[in-house]
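Quick caveat, the model's predicted, so the values are computed rather than measured. Chain letters run A, B, ... following the sequence lines, proteins first and then strands; every chain starts at 1.
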Number of protein chains: 2
Amino acid sequence: MTENLTLQMDDYLPLRDVVFNTLREAILKGELKPGERLMEMHLATKLGVSRTPIREAIRMLEHEGLAVTIPRKGAQVAKMTEKDLQDVLEVRDALDALAVVCACRRMTDAQFVELKEAMKAFEDATRTEDVRKIVETDEAFHDVIYASAENPKLVNIINSAREQMYRYRYEYVKNPSVYSQLIAEHKQIIEGFDRRDEEFLKGIMHVHLTNQINAVREVIREQK
Amino acid sequence: MTENLTLQMDDYLPLRDVVFNTLREAILKGELKPGERLMEMHLATKLGVSRTPIREAIRMLEHEGLAVTIPRKGAQVAKMTEKDLQDVLEVRDALDALAVVCACRRMTDAQFVELKEAMKAFEDATRTEDVRKIVETDEAFHDVIYASAENPKLVNIINSAREQMYRYRYEYVKNPSVYSQLIAEHKQIIEGFDRRDEEFLKGIMHVHLTNQINAVREVIREQK
DNA sequence: AACGATTAGATTGTATTTATTTTAATACAA
DNA sequence: TTGTATTAAAATAAATACAATCTAATCGTT
C-alpha cells in the first residue's frame, strides 16, 4: 500500500507573492521607512529575482495602501500624515464596532475558548519584553474576534486598515507602561463576550482603539 | 505677459492604468461576466498591448476584489455568492452610517447645493430611461455625500465595496418601478442633511441600502 | 466503452531586452 | 555666484523571449 500520499505539496508561491510578503513585512517592521524609495532594479538584485515580480508586488502594495507610485518616477513607501491616521482610525472605529457586534452574535464556544487562550498568550508575552512577540499576540487576540464575526469581506478591509497604522504602532508597544492597560482592556473584552453585551463591547473597543491614537500620533509627529 | 501657462498637460497615463480602467469598466458593466477567464495573451492582443501591463492591471483588479487569480491557472472575474453579498452589505451599511454622520457634520453649504443639484440630475435621468445615465447620476449623488465626509480613506474603502456589488446592481436599476422609491429616498436624505439630523440620516441610508439587497440577491441567484 | 498514460498545445511565470523619461551632473553665459 | 542648456546616467515602461506548468485530446489497454 503506497502510504504517505501527501503529495500535492503546495509550497509553491508565485515570486510576486513572495516579494509582496517580504516587502510588506519589511514595511510593517520599519525596515523600509515611510518615504523610502522602492527601486525596481535595486530590489530585484537584492531579492535575486527579475523586475517583473517586483513590479507586480508593488502594484499589490499600492492597493494595500503601503506604497505610492508616481508614474515614471517610481514607488515609495507610503507616508502617513496625522490627517491620514485620523481618517483611518475613524474607519477602523466603525469597522471594529461592526466586527465586535457580529462576533458577539456569532462567536462559537470554541472561539470563545480560543479568545481566552489568546488573551493568556498576550499576557505571557508582555512579561517577556519581546516587542515582536507582544505585537504578534496582540494581533492574534484581535484576529480571533475578527474571525468570529464570520465575515471575510469585513476581515479583509479591517486588515488593510490595520496594516496602515501597524507600522507606526510598533513604537507604541515598545513602552512597557501601557501593557497593564492593554491587559485590562483585553480582560474587559473577554467579559463583554461572556455577557454577550454588544453595547459594552463597542464602548471598550472604541476606548481600546483611541488609546492608541495619541501614541501613534506622537510617532508620526516625531518622524517629520 | 505670457498668459496661458497651462502646460503641464498630464494626459499621460501608464498603460497598466488604461488597461485597469478598461477592464474595470467592462466588469462593472457586465461585458466581462463573473467567472469569465481573463487570459493575458487574449486581452493583450485585444487591447493592442503587451502582457506586462495586462498582468499589472490584473494585480490591481485582484486587490479591488473584481478578479481572482489561481496560480498557474490564471485570473477570472470574481464571482459573488449570496454570502459574499451579505457580507459586503454588512460592511457598507456600517461605512455608509459613518460617512453620513461625518458628512452631516462637515458638509459645506456649497456641497449641500451640489447635493441638491445631483438629486435633480438623478430625477431628470430617471425620465430618460437611459439606464447608464441613471446609474451614473445615482452614483454621483452618493459621491457628493461621501466627498463631504472629508475622509479620503473612507471614500476609498466605500468605493471598493460599492464596486463589488455595482455590477449586479445594473439589473436592479433596469426596473423603472423602483425609480419613484429611489427619488423619495434621495429627497429624505436631502431633508436629513438640511436638518442635520444624524440619526435620521443613518436610518434612511440603511433603508436605502437594504432595499437593494433583495433585488441584487435575485440577480445573483438567477445567474447560478 | 471506460480508464489511464502520453503527448501536443495553450497558458502562466519569469527573465531579458528595448524604448522612453527623468534625474543629475556638467558646462556655459549672465 | 546664479541661472540656463546640454549631456550623461539611471530609472521606469513596455515588449519580447524563454521556461515551467497545466489542460485536453489522443491512443492504447483492459
Checklist line | Mutual orientation of the aromatic rings belonging to His142(A) and His208(A) [parallel < 30°, tilted 30-60°, perpendicular > 60°] | finding: parallel
Item checked: Separation of dT11(C) C1' from Ile58(B) CD1 (nearest whole Å) -> 12 Å
Notebook entry, point to check: Between Arg37(A) (CZ) and dA11(D) (P), how many Å, whole number?
Noted result: 7 Å
Item checked: Glu62(B) CD - dT12(C) C1' separation (whole Å) -> 13 Å
Next item on the list: Could you tell me the separation between the CD1 atom of Ile70(B) and the P atom of dG13(C), rounded to a whole number of Å?
Entry: 11 Å
Item checked: Lys/Arg N to Asp/Glu carboxylate O, Arg106(A) vs Glu90(B), below 4.0 Å -> yes
Checklist line | Base paired to dT12(C) (Watson-Crick or G-U; both N/O distances under 3.5 angstrom) | finding: dA19(D)
Check: Under 3.5 Å, is there a donor-acceptor pair between the Arg24(B) and Asn21(B) side chains?
Finding: no
Margin query: Salt bridge or not between Lys120(A) and Glu117(A)? Use side-chain N to carboxylate O under 4.0 Å.
Written below: no
Checklist line | Integer-rounded Å distance: dT12(C) P and Gln76(B) CD | finding: 12 Å
Margin query: Quick check on DNA chain C: between Pro71(A) and Leu38(B), whose nearest nucleotide comes earlier from the 5' end?
Written below: Leu38(B)
Next item on the list: Nearest whole angstrom, please: distance from the C1' of dA9(D) to the CE of Met39(A).
Entry: 13 Å
Notebook entry, point to check: Does Lys73(A) make a side-chain N or O approach to OP1 or OP2 of dT23(C) shorter than 4.0 Å?
Noted result: yes
Item checked: Derivation and outcome, side chain to side chain donor-acceptor pair (under 3.5 Å), residues Tyr146(B) and Asp96(B) -> CA-CA 8 Å; Tyr146(B) 296 140; Asp96(B) 269 5; 2.7 Å; yes
Distances under 3.5 Å between nitrogen or oxygen atoms of protein and nucleotides 14-19 of chain D:
from, atom 1, to, atom 2, distance (Å)
dA14(D), OP1, Leu15(B), N, 2.6
dA14(D), OP2, Leu15(B), N, 3.4
dA15(D), OP2, Ser50(B), N, 2.7
dA15(D), OP2, Ser50(B), OG, 3.0
dA15(D), N7, Thr52(B), OG1, 2.7

Note to self: Between C1' on dA15(C) and CD1 on Ile54(A), what's the gap in Å once rounded to a whole number?
What the structure shows: 12 Å
Note to self: Please determine whether the number of non-hydrogen atoms from other residues, nucleotides or ligands lying under 6.0 Å from atom CG of Asn175(B) exceeds 12.
What the structure shows: yes
